[in-house]
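Along the sequence shown, the residues carry numbers beginning at 1. Just so it is clear, the values below take in all heavy atoms, side chains as well, and ignore hydrogens, waters and symmetry mates.
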Amino acid sequence: KSFGLKDMLQKKMRTLSGGTTQKVSAALDFMFRPDVLILDEPTAGLDPLSSEKLKQKIIQEKEKGKLVLITSHILSELDDLITEVFYMQEGKLLFHKKLSALKEETGEQKLSKAIATIMVAQETQL
């Protein structure tokens, strides 16, 4: 209902646009009320309004005590959603930190800047 998908009920998934397919996938993610949500690039292809609606839904689920795992290349989308960061590159875990500790360690308030600061520091060590 939140994504206005009622008019899409009779359409086949393969006929939907990328953004609408993403909305259907997001709706399905929450439909069965799982205890653990695994979301891969959840806001990719969404318009700004739908993206914000999805973020609010993720926050609500997190506040209910659900575990939400999000993979994303768009770090700016994660600032309000996460509490811990597992940062992987080329299939290797580079670090796992609480977001608050990462921000404190780097002096940055945004996730993307904090990770960039760590990456620059690691490059200079090589």
Side-chain angles (χ1 to χ4, degrees):
K1 184 177 179 181
S2 173
F3 290 125
L5 295 171
K6 187 176 180 182
D7 295 337
M8 305 295 160
L9 288 174
Q10 303 306 319
K11 295 188 177 188
K12 296 185 185 291
M13 282 288 281
R14 68 176 179 264
T15 66
L16 302 177
S17 69
T20 302
T21 299
Q22 192 76 343
K23 290 177 192 179
V24 170
S25 294
L28 289 170
D29 289 337
F30 298 99
M31 185 178 289
F32 300 102
R33 296 182 170 86
D35 292 329
V36 177
L37 288 160
I38 302 172
L39 307 171
D40 181 28
E41 306 277 0
T43 58
L46 294 180
D47 60 88
L49 179 58
S50 296
S51 179
E52 288 305 313
K53 286 179 179 181
L54 179 56
K55 287 182 198 177
Q56 286 306 310
K57 183 65 176 166
I58 292 168
I59 290 168
Q60 288 171 357
E61 294 301 300
K62 221 176 89 175
E63 289 172 350
K64 291 177 186 175
K66 295 187 179 184
L67 175 62
V68 182
L69 299 172
I70 302 172
T71 63
S72 184
H73 291 89
I74 308 168
L75 301 178
S76 61
E77 296 273 322
L78 303 176
D79 282 314
D80 299 330
L81 301 177
I82 65 169
T83 53
E84 293 186 41
V85 178
F86 291 80
Y87 189 80
M88 297 182 74
Q89 193 169 22
E90 297 181 18
K92 294 181 182 169
L93 179 65
L94 296 183
F95 61 86
H96 166 214
K97 297 178 184 278
K98 291 208 173 286
L99 182 58
S100 57
L102 180 65
K103 288 179 176 181
E104 186 177 320
E105 179 183 316
T106 62
E108 298 291 350
Q109 290 306 304
K110 298 224 176 252
L111 175 62
S112 58
K113 287 186 176 188
I115 289 179
T117 299
I118 287 177
M119 301 309 294
V120 166
Q122 287 180 349
E123 284 180 359
T124 58
Q125 291 176 357
L126 296 177

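Put simply, L46 and M13 are part of the same group of oily side chains (I, L, V, M, F, W, Y) that touch within less than 4.5 Å, one to the next. Cluster annotation: V85 is connected to I59 through the hydrophobic network of ILVMFWY side chains, with a link wherever side-chain heavy atoms come within less than 4.5 Å. Under the 4.5 Å side-chain heavy-atom criterion for Ile, Leu, Val, Met, Phe, Trp and Tyr, F32 and V36 are members of distinct hydrophobic clusters.
Note on residues 9-19: pairs passing side-chain hydrogen bond (donor to acceptor under 3.5 Å, both in side chains), not counting sequence neighbours, are S17-T20. For residues 27-37, there are no side-chain hydrogen bond (donor to acceptor under 3.5 Å, both in side chains) pairs, not counting sequence neighbours. Sorted by first and then second residue, the salt bridge (Lys or Arg N to Asp or Glu O under 4.0 Å) pairs with a member in residues 63-87 read K55-E77, E61-K64, E61-K66, E84-K98; sequence neighbours excluded.
Between atom CG of residue D40 and atom CD1 of residue I70 there is a gap of 10.5 Å, rounded to the nearest 0.5 Å. Taking CG of L16 as the reference point, atom OG1 of T21 lies at 4.5 Å (rounded to 0.5 Å). Residue L111 holds its CG atom at 4.5 Å from CD1 of I82, rounded to the nearest 0.5 Å.
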Full working for side-chain contact (heavy atoms from CB on, under 4.5 Å) between K6 and K1: CA-CA 7 Å; K6 187 176 180 182; K1 184 177 179 181; over 6 Å; no
Steps toward side-chain contact (heavy atoms from CB on, under 4.5 Å) verdict (I58, F30): CA-CA 9 Å; I58 292 168; F30 298 99; 4.0 Å; yes
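Nearest heavy-atom pair across F3 and A26 is CE1-CB, 3.9 Å. The shortest non-hydrogen separation linking S72 to I74 is OG-N, 3.0 Å. Considering all non-hydrogen atoms of both residues, S2 and K53 come closest at O-NZ, 2.8 Å. Between K23 and S50, the closest heavy-atom pair is CE-OG, 3.1 Å.
Within a 6.0 Å sphere centred on CD of E104, heavy atoms belonging to other residues, nucleotides or ligands number 12 at most.
A 4.5 Å side-chain heavy-atom check between T83 and L99 finds every atom pair outside the cut-off. Counting only heavy atoms from C-beta outward, the side chains of L54 and Q22 never approach each other to under 4.5 Å.
Not counting sequence neighbours, the partners of K97 by the side chain to side chain contact (heavy atoms under 4.5 Å, CB included) test are F95, L102, E105, I118. With sequence neighbours left out, the side chain to side chain contact (heavy atoms under 4.5 Å, CB included) criterion links M31 to L28. Partners of M119 according to the side chain to side chain contact (heavy atoms under 4.5 Å, CB included) rule, which considers only residues two or more places apart in sequence or in another chain, are Y87, Q89, L94, I115, Q122.
With hydrogens and angles disregarded, a donor-acceptor distance shorter than 3.5 Å links the side chain of K62 to the backbone of L81.
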